[in-house]
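To start, the structure itself, in structure tokens.
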Number of protein chains: 2
Amino acid sequence: MGVAKDVSKDIKAVLRDQISGKLLLPLQKIPSERELSELFSITRISVKSALDSLEVEGLIYREDRRGWFVSPPRIKYNPLSRCHFHQMIRDQQRTAKTQLLGVKSMMAPSIIATLLALSELTPIHVIERLRYIDGRAVLFVENCLISHCFPDILSEDLAQSLTILYATKYGFKTNRSNFEFIPTAAPEHVAQALNIRTGQQVLKICRVNYNQHNDIIDCEFEYWRTDAVMISINN
Amino acid sequence: MGVAKDVSKDIKAVLRDQISGKLLLPLQKIPSERELSELFSITRISVKSALDSLEVEGLIYREDRRGWFVSPPRIKYNPLSRCHFHQMIRDQQRTAKTQLLGVKSMMAPSIIATLLALSELTPIHVIERLRYIDGRAVLFVENCLISHCFPDILSEDLAQSLTILYATKYGFKTNRSNFEFIPTAAPEHVAQALNIRTGQQVLKICRVNYNQHNDIIDCEFEYWRTDAVMISINN
DNA sequence: GAGTGGTCTAGACCACGTC
DNA sequence: ACGTGGTCTAGACCACTCG
């Protein structure tokens with residue numbers, strides 16, 4: 001770290017103070033980069049780098065071309081609890097919403113086929129959904145279901161919990177799951193939905209679900225805004 | 001995303017190709033930012049932003065003021081397996097090393113006291129270690145032990161597995177643990193050890209360990225280089 | 001001492017969101 | 001139409017690493 005001047009130390013400290021002192025509230029907009037650069041007499045690039053680093057800390061987040069905002073507290077996500085999304089959010093006194101983005105039916109591409117232990121050319125449904133916490137889009141989810149296990153599922157309301165739908169309509173209970181958590185870059189379709197830049201850091205979670213007969217029934221790719229979540233495991 | 005020119009698309013694609021095509025090997029140095037800026041006829045700032053974004057993907061990493069390097073494959077880390085670090089790395093055909101950075105004895109600060117369910121002013125030992133995979137420093141670990149549970153531990157070799165030391169010297173087995181995984185910014189002392197910039201993204205793991213009598217025995221803070229690891233859970 | 005990345009200035013134009 | 005962030009140029013000096 002440059003000990004000498006560090007132009008951005010000032011602005012970082014001020015914003016941190018304002019946020020921890022509740023002068024800037026969660027979801028509230030931060031003054032524009034140009035305003036900040038005038039206020040602190042530094043270039044926009046320096047402002048940007050200061051904001052970037054507060055973003056890494058998880059204190060603020062950006063909406064592509066809309067501005068910078070203060071991050072709400074992280075949601076605690078326990079992947080071993082069988083709790084579904086809306087329940088989990090409600091338990092933490094927050095509000096959840098799920099929006100169906102679209103459904104595609106296709107032959108399983110090789111990555112998916114491997115994950116699901118299928119021979120290739122097996123038909124699958126891909127359900128894309130966007131999830132909100134307190135009105136903010138924080139999670140893009142892609143579910144890949146083996147079509148023949150879920151006849152007629154496309155006529156159902158797919159904005160509800162799939163776990164519950166699996167249980168009520170098909171008698172499948174998710175018995176166990178395999179998870180992988182990888183901090184990586186957002187692919188384009190994900191970035192678009194979450195309103196971030198392609199290539200920005202997200203937390204990717206790949207998950208393969210097994211039913212009570214120990215058959216693989218689906219896999220899921222979750223992409224979380226990094227500042228929105230922490231993984232919490234109690235065992 | 002800028003559809004128009006996107007000066008950095010070229011360089012990103014080229015580097016990605018060279019890495020996936022094994023022309024650039026893991027741990028190998030990438031040409032300097034100035035060289036790249038000349039090669040691709042773009043400014044150093046543009047080079048930097050392209051490298052930043054490959055870093056987010058986990059393809060490359062930086063050593064502060066030393067340069068950019070190609071990331072080796074991620075280690076799979078299963079926090080539920082009782083496997084210790086060296087074992088885990090060996091199982092994945094990689095080589096591990098642990099270096100003791102220092103030990104401090106102090107009164108538990110309030111954050112630690114809360115985690116360990118202690119009244120304040122309880123003495124603890126803080127053991128700081130740095131862990132290497134294939135010669136690269138990827139993990140900074142801080143263990144906070146309740147002193148009176150571990151008499152005389154400071155006279156032991158603390159570069160070995162603490163889990164094993166707990167078992168052999170004190171008869172403690174780690175029975176269960178609570179984990180939290182948080183992508184966040186590296187604090188200064190961590191950044192220094194890992195040879196990254198203060199404020200750069202790391203994966204922080206907080207862990208509280210219980211022994212066979214269900215007593216809390218220690219807590220641990222791990223800071224991983226983001227590109228070095230993925231969390232993998234099978235249950 | 002030469003080379004590296006880290007940081008900074010002082011501008012510019014573009015794509016997109018919002019009104 | 002205007003304001004936002006996204007990207008870019010063309011330099012500069014500094015702090016640090018390495019041989």
Side-chain angles (χ1 to χ4, degrees), chain A residues 1-12 15 28-56 60-70 136-137 185-186 188 191-201 225, chain B residues 1-13 15 28-56 60-70 136-137 185-186 188 191-201:
Chain A
M1 279 316 298
V3 179
K5 39 180 186 178
D6 217 343
V7 163
S8 65
K9 224 162 207 167
D10 199 26
I11 176 174
K12 275 162 55 171
L15 287 174
Q28 192 177 330
K29 191 171 180 312
I30 286 170
S32 78
E33 295 181 357
R34 284 173 179 81
E35 269 180 84
L36 291 172
S37 80
E38 283 191 19
L39 274 173
F40 291 88
S41 306
I42 54 180
T43 49
R44 236 186 95 207
I45 287 191
S46 305
V47 170
K48 210 178 259 294
S49 107
L51 295 176
D52 281 347
S53 100
L54 294 176
E55 182 187 35
V56 168
I60 63 177
Y61 64 96
R62 68 177 102 194
E63 300 273 345
D64 198 38
R65 281 165 233 270
R66 282 195 354 105
W68 292 88
F69 303 83
V70 178
R136 172 187 171 215
E188 191 162 348
Q192 215 152 31
L194 289 177
N195 214 341
I196 59 182
R197 290 195 328 287
T198 301
Q200 200 177 322
Q201 175 92 249
R225 286 191 84 123
Chain B
M1 282 318 307
V3 179
K5 37 180 185 175
D6 216 341
V7 163
S8 65
K9 223 163 209 167
D10 200 24
I11 175 173
K12 279 172 31 177
L15 287 174
Q28 192 177 332
K29 190 169 181 311
I30 287 170
S32 80
E33 295 181 357
R34 284 172 179 84
E35 270 180 84
L36 291 172
S37 80
E38 283 190 19
L39 274 174
F40 291 90
S41 307
I42 55 180
T43 50
R44 234 185 95 207
I45 287 191
S46 305
V47 170
K48 211 179 259 294
S49 110
L51 295 176
D52 281 346
S53 102
L54 293 177
E55 182 187 33
V56 168
I60 63 177
Y61 65 96
R62 68 176 100 194
E63 300 272 346
D64 198 38
R65 280 168 235 267
R66 283 195 353 106
W68 292 89
F69 302 84
V70 178
R136 171 187 173 216
E188 193 162 348
Q192 215 151 31
L194 289 176
N195 214 341
I196 59 181
R197 290 197 326 287
T198 302
Q200 201 176 321
Q201 176 93 249

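Chain naming here is simple, since letters A, B, ... match the order of the sequence lines and numbering starts at 1 in each. All heavy atoms count here, side chains included; hydrogens, waters and symmetry mates do not.
- Side-chain atoms of B/S49 lie closest to D/dC8 of the nucleotides C/dT7, D/dT9, D/dC8.
- Side chain to side chain, A/T43 and A/S46 meet the donor-acceptor criterion of an N or O pair below 3.5 Å.
- Contact annotation: side chain of B/R62 to base of C/dG6, donor-acceptor pair absent below 3.5 Å.
- For A/R44, the salt bridge (Lys or Arg N to Asp or Glu O under 4.0 Å) criterion is met by A/E33, not counting sequence neighbours.
- Note on the helix from C/dG1-D/dC18 to C/dT18-D/dA1: angle between the axes of the first and last five pairs equals 20°, rounded to 10 degrees.
- Between B/T43 and the phosphate of D/dA10, there is no side-chain N or O to OP1/OP2 separation shorter than 4.0 Å.
- Taking only side-chain atoms of B/S46, from C-beta outward, the nucleotide of D/dC8, D/dT4, C/dG6 with the closest atom is D/dC8.
- A donor and an acceptor atom sit less than 3.5 Å apart, one in the side chain of A/R44 and one in the base of D/dG6.
- A close approach under 4.0 Å does occur between a side-chain nitrogen or oxygen of A/S32 and OP1 or OP2 of D/dT4.
- The B/K48 side chain lies nearest to C/dG5 when the options are C/dG5, C/dT9, D/dG5.
- The distance from atom CD of A/E63 to atom C1' of D/dT4 is 12 Å, rounded to the nearest whole Å.
- In this entry the distance linking CH2 of B/W68 with C1' of C/dG6 reads 11 Å, nearest Å.
- Taking side-chain N and O atoms only, A/R197 has a distance below 4.0 Å to OP1 or OP2 of D/dG6.
- Rounded to whole Å, the distance from CD on B/E33 to P on D/dC13 is 18 Å.
- Minimum interatomic distance between A/I60 and A/I30 (heavy atoms only, all atoms of both residues): CG2-CD1, 3.5 Å.
- Nucleotide D/dT4 holds its C1' atom 9 Å from the CZ atom of A/R65, rounded to whole Å.
- In terms of the side-chain contact (heavy atoms from CB on, under 4.5 Å) criterion, B/Q192 has no residue partners (sequence neighbours excluded).
- Under the rule for a salt bridge (Lys or Arg N to Asp or Glu O under 4.0 Å), the partners of A/R62 that lie at least two apart in sequence or sit in another chain are A/D52, A/E55.
- In this structure, the CG atom of A/N195 is 17 Å from the P atom of D/dT4, given to the nearest Å.
- Here D/dC18 presents its P atom at 5 Å from CZ of B/R66, a figure rounded to the nearest Å.
- Scored by the side-chain hydrogen bond (donor to acceptor under 3.5 Å, both in side chains) test, A/S53 finds A/K12 as partners (sequence neighbours excluded).
- Partners of A/Q28 according to the side-chain contact (heavy atoms from CB on, under 4.5 Å) rule, which considers only residues two or more places apart in sequence or in another chain, are A/L24, A/L25.
- Under a cutoff of 6.0 Å and an axis angle of 45°, B/R136 and B/Y61 form a cation-pi pair.
- You'll find that the side chain of B/I45 is closest to D/dA10, out of C/dG5, D/dG5, D/dA10.
- Rounded to a whole Å, the NZ atom of B/K29 is 9 Å from the C1' atom of C/dG3.
- Look at CD on B/E38: it is 15 Å from C1' on D/dT9, rounded to the nearest Å.
- Put simply, the side chain of B/R34 and the base of C/dG5 share a donor and an acceptor less than 3.5 Å apart.
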